[in-house]
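Only one structure is covered here, and it is reproduced in the block below.
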Amino acid sequence: MAEETDVRPHQSKPANESLFETPPMAEQERMVEAILFASADPVTIADMNARMPHGCDAKEAVEHLHNRYEGRGVRVVRVGEAYAIRTAPDLGYLMQKETTETRKLSRAAIETLAIIAYHQPVTRAEIEEIRGVSVSRGTIDLLIEMEWIRFGRRRMTPGRPVTFVVTPGFLDHFGLETARDLPGLKELRAAGLLDNRPPPGLAELDQVDDDEDDGDEGQGEMFEE
Amino acid sequence: MAEETDVRPHQSKPANESLFETPPMAEQERMVEAILFASADPVTIADMNARMPHGCDAKEAVEHLHNRYEGRGVRVVRVGEAYAIRTAPDLGYLMQKETTETRKLSRAAIETLAIIAYHQPVTRAEIEEIRGVSVSRGTIDLLIEMEWIRFGRRRMTPGRPVTFVVTPGFLDHFGLETARDLPGLKELRAAGLLDNRPPPGLAELDQVDDDEDDGDEGQGEMFEE
Amino acid sequence: MAEDDLFQEDKLSVSDRLAAEALIIDVDGFEGPLDLLLTLARTQKVDLLKISVLQLSEQYLIFVEKAKELRIELAADYLVMAAWLAFLKSRLLLPPDPEAEGPSGDELAAHLAFQLERLAAMRDAAARLMARDQKGRDFFARGITEDVERIKNVEYSATLLDLMQAYARIRTKDEFRPYVMDRDNVFTMEQALDRMRGMIGFAGSWTDIMSYLPGGWDNDPSRRRSATAATFAAALELVKEGHAEIRQSETFSPIQLRHRTNRDG
């Protein structure tokens, strides 16, 4: 009986096992490291064992490798029944490349901003009315993101539309104490910023505008009627 | 007095440096480890530095990492100006699954590639002169398509012929740090086999040509007369 | 010297004619006359530096002659080389003519020997190169890679002057224009982007971008055109921002979009 148990392992050994010694565990660890590194998908223990020389214990080798990578920039993770090497989660930000680019604000954005600055508080419908074209959500979002405009109080009219006002950040950026410091049309014209003469009949309208620019709270209502 | 010396270092620090301390080298090593593991292609030091926090020294970190992986299943290799992690060549047999069916290159393609690598920058006429046979367009196209060769600068000779040079992809494929590490390069150079040696007679006959061509272009004519 | 060489030619004729015949059968296997010469040179079983160029020339000429006998068509460059070697042979055999111009036979022979040695060296170098460990065969690159997401931070700039000019522009020009809603048939990229931002998160698999067209925009040709263009532009924008991946198998085939899955692990 005792003899039999002694003998059996030898008999059951395939020929290649006696010819080629099982590699030491350190070597097996190298193997699973290379396999996990190069594979396009996670690899199962069975698959690793199939690829490694006979007698290897991929499971144990993976465990050693897992411990070796503890605290490193990559780690050995289990994915279902398989294993893979992945970036340490805290270093995910390295997979991003940030570039900063200074861009001139689009014409749509600068016009929208100007209208908000001159007419605040102003609703989106009013901005569109003044510009003559619809204002994209992206433009408003951008200006809000830049912290140059913010939501003001809702207008007490049907639909209770939100209004937009400029922020202290806006004033700071443009070197203004208040939005009222913005020059009116008359001043713009005097400064040569307006070279195209107003169409006939518009002179009066301008006049009204300029007056109203001083009291900017009330301006918005003009368009609601 | 003691107070002053305490304060000075803080004052002299630029704003961003005092806000974000440069990570310790061990941490930088983790970072380059994550970056190199994430990429199949070699990554330049400049690219690593651009992705790592301000003040990091990717070059030093890569060196540490290189030493750490000495003897492991994967290793840090230099490819031209960049670095990559590759499996240890002795473990290639484990990766049969990953082996990409490499196109069987023709003898003409292999020789052309070797001539470009050893003689670069080299013109098509020079390749033909060395091989004693015309180089088919397809051969050059194939090598370009494999991203092993690319156009170099034009030769400043009549006709301004294009030259060919090998790429970092070539170095990567053959595990070369630089083109200077090509096997036997030194011996070939010492034996004068990489010289442009004008054929006798043509040197005088085509005096003008040879002067302008660095003495190499004239050789091809031998078979044309 | 001349007699010596003539004698040599006779001595060569038996074995070399046989060798030449064997080579002719395989003439397609040669990469040009220089390659053939190199093979012939190797039959001399001496260092390439010490080959007898005269003997080599004769071997080559025998080869060409034999080919003619067997009515095997040789490429022109083989014949050009034969003519040149015949000329070289005459230079080598005849006593140097002090009146003759150009290089001596010995100089020409030395250069041919150099060319053969260089070609042999390049062959050897090519073999050594191909014997190196190669990527994808002996060593391997990373199998699971991660894309580097490009995050573009845009800082917008505007001056007070820009602001005032913009306002002046609106107040002096646009205000007076009667407001007409003429954009019924225009679907803007911003609209498409808004729409797709909401939907892309649910699209885990490849989806034809045409399926992102808003309802009611796919019947009228002009509306469809506008919506398609806007959706395509918006899709590119999403890809640029790193939120989506886009592909097209070939020209004019459907363009497909999918949500870019974030790294896991």
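Proteins get letters first, then strands, A, B, ... in listed order; numbering begins at 1 in each.
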### Message
Tell me if the CD atom of B:E81 is crowded by more than 12 foreign heavy atoms within 6.0 Å.
### Response
no
### Task
Find the one option among C:A125, C:A83, C:A121, C:S104 whose heavy-atom pairs under 4.5 Å with chain B are most numerous.
C:A125
### Selection from C:A76, C:A127, C:A110, C:A141 maximising heavy-atom pairs under 4.5 Å formed with chain B
C:A141
### Message
Checking side chain to side chain contact (heavy atoms under 4.5 Å, CB included) between C:M122 and each of B:R131, B:H119, B:E111, which is the one that passes?
### Response
B:H119
### When C:L129, C:L38, C:D124 are compared by non-hydrogen pairs under 4.5 Å with chain B, the top option
C:L129
### Top of B:I110, B:L182, B:T112, B:I85 for chain C proximity - count of heavy-atom pairs under 4.5 angstrom
B:I110
### Query
B:I35 versus chain C, heavy atoms under 4.5 Å apart: side chain, backbone, both or neither?
neither
### Query
Is it true that atom CD of B:E147 has more than 12 heavy atoms of other residues, nucleotides or ligands lying nearer than 6.0 Å?
no
### Message
Need one label for B:A108: side chain, backbone, both or neither, based on atoms under 4.5 Å from any heavy atom in chain C.
### Response
both
## Note on the structure
Of B:L194, B:L185, B:T87, the largest count of non-hydrogen pairs under 4.5 angstrom with chain C goes to B:T87
### Message
Is any side-chain heavy atom of C:F140 closer than 4.5 Å to one of B:R86?
### Response
no
### Query
Checking C:R142 side chain against B:F37 main chain: does a donor-acceptor pair fall under 3.5 Å?
yes
### Query
Can you tell which of C:A131, C:A126, C:A75, C:G32 has the highest number of heavy-atom pairs within less than 4.5 Å of chain B?
C:A126
### Query
Top residue by heavy-atom pair count (under 4.5 Å) with chain C, among B:A191, B:P89, B:A117?
B:P89
### Message
Among B:L91, B:D172, B:L113, which residue has the highest count of heavy-atom pairs closer than 4.5 Å to chain C?
### Response
B:D172
### Task
Can you measure from NE2 (B:H173) to NZ (C:K135) and round to the nearest 0.5 angstrom?
8.0 Å
### Query
Just how far is it from atom CZ of C:R118 to atom CG of B:L188, taken to the nearest 0.5 Å?
11.5 Å
### Message
Does any backbone or side-chain atom of C:I144 lie under 4.5 Å from a heavy atom of chain B? Answer side chain, backbone, both or neither.
### Response
backbone
### Message
Non-hydrogen contacts under 4.5 angstrom with chain C: give the residues of residues 39-52 of chain B involved, or none if there are none.
### Response
B:S39, B:A40, B:R51
### Flag if over 12 foreign heavy atoms under 6.0 Å of CZ, C:R132
yes
### Closest-packed option against chain C by number of heavy-atom pairs under 4.5 Å, given B:G184, B:A114, B:P183
B:P183
### Message
Do the side chains of B:R107 and C:D35 get close enough for a salt bridge, i.e. N-O under 4.0 angstrom?
### Response
yes
## Note on the structure
Given B:V74, B:V133, B:L193, B:D90, the one with more heavy-atom pairs under 4.5 angstrom with chain C than any other is B:L193
